[in-house]
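Written below as structure tokens is the structure these notes are about.
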Amino acid sequence: MNSEFYDNDIYALASKNKTLLSVTIELTTRCNWRCKHCYLPSYVTKGISRECLYELFQDLREMGTFELLFTGGEIFTRPDTLEIIRDAREMFFDVKLFTNVSLLNEEIIKALAELNISQVSCTVFSMNENIHDQITSVKGSLKKTVANLNLLKEYDIPVEVKQIILTTNQNCIDEVSEFCKNMNFKHLATTNIFYKTDGNATPSIFRVSDQFLNENIVKIDTIRNFRCFENNSSMYVCNATRYSCTIESNGNFLACNNLNMPIGNILNTSIKDIWLNSTTLHEIQNKKFSELEKCPSCPLNKYCNRCSGIALLEDKSLWGCLKSERQVARARYVNQDYYSGIGITSFHC
């Protein structure tokens, strides 16, 4: 990425000025699916009240926030989700929804279209019912998902289909890719499977093998448009924390949705106060790549998409090596001729 583009990119400018441009809000941890690899340890938190969310939206509007991403659990297990979305759109936020779409119907989808939702992001594991439904633990889940995806297309709502690659659906990439191509949906495939947020490592049993990564990482990276990046001393380790954050369903402020280390709670401290005055947040935001102990000299670093939050959860070190991502980096190194051929960008989020 050349410097001219970097200087004019809205996220780069937000990072430079530490402007809170994008906020992910977990509306609830309740969910109608029970995915085998899910990182949530429980599904019981109802979420922040609509009234408190409205006050949060007002604060964010004053701070210059542009984008809101609503996630769960499953956001449409809340009966007031559509009203919350409407509140956000009436304040002119750009709104994206992370939902499994299985609880939608034409009435809701029509309302979302009228509200000009920016994007709906959902998950499809496989076009094979047995495989998809086995992962979600809900019989008929694929049928409901596909039916509502057809309605979303009919109402011209942009859709991103995420496909988490597990051992159980690792041979289903092409069929989901073809479905997305035919529907004109964005397809995002990933092998990232995280521990539960309470540290339970059970989801990791579904991670694909080294051999599968070696043979398929190029295909997966091509789908997700991944580019390797050159690290330099001026890079921030967690650049996204300089322009975004996450609010959990209990009000906890997280520097990143992957960094399960609450820095404050918006139910008793304003988000503006946390953003401007938290020394812990500022330490995370300002950490440079050159300050890491091992990464700068690691021969795999340009192939590695290391996440500090996951490193803390899995390897108990916020600034240390993330072994699961190192595994993926090795697969890219095995295929280094491909990555050299597509070029290496100088910027990484």
Side-chain angles (χ1 to χ4, degrees), residues 24-47 69-82 84-85 96-106 108-109 112 117 119-152 157 159-173 175-176 179-180 183 185-198 200-208 246 248-250 257-258 260:
T24 297
I25 301 175
E26 183 184 65
L27 293 183
T28 180
T29 63
R30 291 181 170 183
C31 190
N32 60 318
W33 287 2
R34 291 294 183 270
C35 296
K36 304 294 187 184
H37 64 291
C38 184
Y39 62 86
L40 291 175
S42 66
Y43 306 89
V44 297
T45 309
K46 294 180 181 179
L69 295 85
F70 293 131
T71 187
E74 169 46 49
I75 62 174
F76 286 99
T77 59
R78 279 187 67 146
D80 59 352
T81 291
L82 197 57
I84 292 169
I85 295 169
K96 292 184 172 69
L97 307 179
F98 291 179
T99 166
N100 64 38
V101 310
S102 68
L103 297 179
L104 300 182
N105 55 43
E106 186 164 7
I108 295 174
I109 291 172
L112 294 176
I117 296 303
Q119 185 184 74
V120 168
S121 181
C122 72
T123 303
V124 175
F125 296 102
S126 171
M127 301 312 298
N128 182 310
E129 280 187 67
N130 292 331
I131 296 175
H132 178 95
D133 294 358
Q134 188 270 334
I135 295 173
T136 65
S137 304
V138 177
K139 188 175 176 59
S141 58
L142 180 63
K143 281 185 178 179
K144 289 183 179 179
T145 296
V146 171
N148 283 322
L149 284 173
N150 279 304
L151 282 173
L152 288 164
I157 297 176
V159 171
E160 173 191 76
V161 171
K162 295 185 297 240
Q163 185 184 19
I164 297 89
I165 309 301
L166 295 74
T167 53
T168 47
N169 71 331
Q170 64 183 27
N171 296 318
C172 302
I173 300 174
E175 63 192 48
V176 175
F179 170 76
C180 291
M183 296 288 283
F185 293 160
K186 182 179 179 181
H187 182 202
L188 175 62
T190 178
T191 58
N192 291 337
I193 296 175
F194 306 132
Y195 288 10
K196 292 183 182 294
T197 54
D198 62 2
N200 186 321
T202 301
S204 65
I205 67 174
F206 295 103
R207 287 174 176 166
V208 296
T246 292
E248 292 188 294
S249 56
N250 59 5
N257 63 304
N258 289 332
N260 189 35

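- Atom OG of Ser204 is separated from atom NE2 of His37 by 12.5 Å, given to the nearest 0.5 angstrom.
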Query raised in the report: side-chain hydrogen bond (donor to acceptor under 3.5 Å, both in side chains) between Ser126 and Glu175: does it pass, once the steps are laid out?
Result: CA-CA 7 Å; Ser126 171; Glu175 63 192 48; 2.7 Å; yes

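- Surrounding NZ of Lys186 are at most 12 heavy atoms belonging to other residues, nucleotides or ligands under 6.0 Å away.
- The shortest heavy-atom contact between Leu82 and Leu112 is CD1-CD2, 3.7 Å.
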Query raised in the report: Going through the checks in order, is the side-chain contact (heavy atoms from CB on, under 4.5 Å) test met by Thr81 and Phe70?
Result: CA-CA 9 Å; Thr81 291; Phe70 293 131; over 6 Å; no

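- A heavy-atom distance below 4.5 Å is found between the side chains of Leu149 and Val124.
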Requested in this report: Tell me, with the steps shown, if Trp33 and Thr145 meet side-chain contact (heavy atoms from CB on, under 4.5 Å).
Outcome: CA-CA 12 Å; Trp33 287 2; Thr145 296; 3.5 Å; yes

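- Rounding to the nearest 0.5 Å places CG of Asn128 at 11.0 Å from OG1 of Thr168.
- In terms of heavy-atom proximity, Ile165 sits nearest to Ile193 at O-CD1, 3.7 Å.
- Side-chain polar atoms of Asn100 and Ser102 form a donor-acceptor pair below 3.5 angstrom.
- Classification of the His132-Phe125 ring pair by plane angle, with boundaries at 30° and 60°, yields tilted.
- Atom CG of residue Asp80 and atom CD1 of residue Ile85 lie 10.0 Å apart, to the nearest 0.5 angstrom.
- Nearest heavy-atom pair, Val120 versus Thr99, reported as atom, atom and distance to 0.1 Å: CG1-CG2, 3.8 Å.
- Note: Leu142 CG to Asp133 CG = 6.0 Å, rounded to the nearest 0.5 Å.
- Of all heavy-atom pairs between Asn200 and Thr202, the closest is OD1-OG1, 2.5 Å.
- Closest of all the heavy-atom pairs between Arg207 and Phe194 is NH2-CA, 4.2 Å.
- Two residues are said to be in side-chain contact when any heavy atoms from C-beta on lie closer than 4.5 Å; Gln134 and Lys36 meet this criterion.
- Inter-residue side-chain proximity for Leu188 and Val161 is flagged as unmet; no heavy-atom pair is nearer than 4.5 Å.
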Report task. For Ser121 and Leu97, run side-chain contact (heavy atoms from CB on, under 4.5 Å): C-alpha distance rounded to whole Å, both residues' side-chain angles, the deciding distance at 0.1 Å, then the answer. Result -> CA-CA 6 Å; Ser121 181; Leu97 307 179; over 6 Å; no

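- Counting heavy atoms from C-beta on, the side chains of Thr197 and Pro41 come closer than 4.5 Å.
- Contact annotation: the side chain of Asn32 never approaches that of Val138 to less than 4.5 Å [non-hydrogen atoms, C-beta and beyond].
- Once rounded to the nearest 0.5 Å, the distance linking CG of Leu69 with CD of Glu26 reads 13.0 Å.
- Closest non-hydrogen pair, Met183 versus Asn150, comes out as CE-OD1, 3.3 Å.
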Query raised in the report: Taking it one step at a time, do Leu40 and Cys31 satisfy side-chain contact (heavy atoms from CB on, under 4.5 Å)?
Result: CA-CA 10 Å; Leu40 291 175; Cys31 190; 5.8 Å; no

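- By the 6.0 Å contact criterion, NZ on Lys162 is enclosed, its count of non-hydrogen atoms from other residues, nucleotides or ligands being greater than 12.
- Remark: the backbone N or O of Ile164 is not paired with any side-chain donor or acceptor of Thr190 at under 3.5 angstrom.
- Looking only at atom types and distance, the side chain of Gln163 has no donor-acceptor partner in the side chain of Thr123 under 3.5 Å away.
- Formation of a donor-acceptor pair under 3.5 Å by the Ser141 side chain with backbone atoms of Thr136 is not found in this model.
- Each of Glu74, Arg78, Lys46 was scored for a side chain to side chain contact (heavy atoms under 4.5 Å, CB included) with Arg30, with one residue passing: Lys46.
- At least one side-chain heavy atom of Pro203 sits under 4.5 Å from a side-chain heavy atom of Lys196.
- The distance from atom CD of Gln119 to atom CZ of Phe98, rounded to the nearest 0.5 Å, is 7.0 Å.
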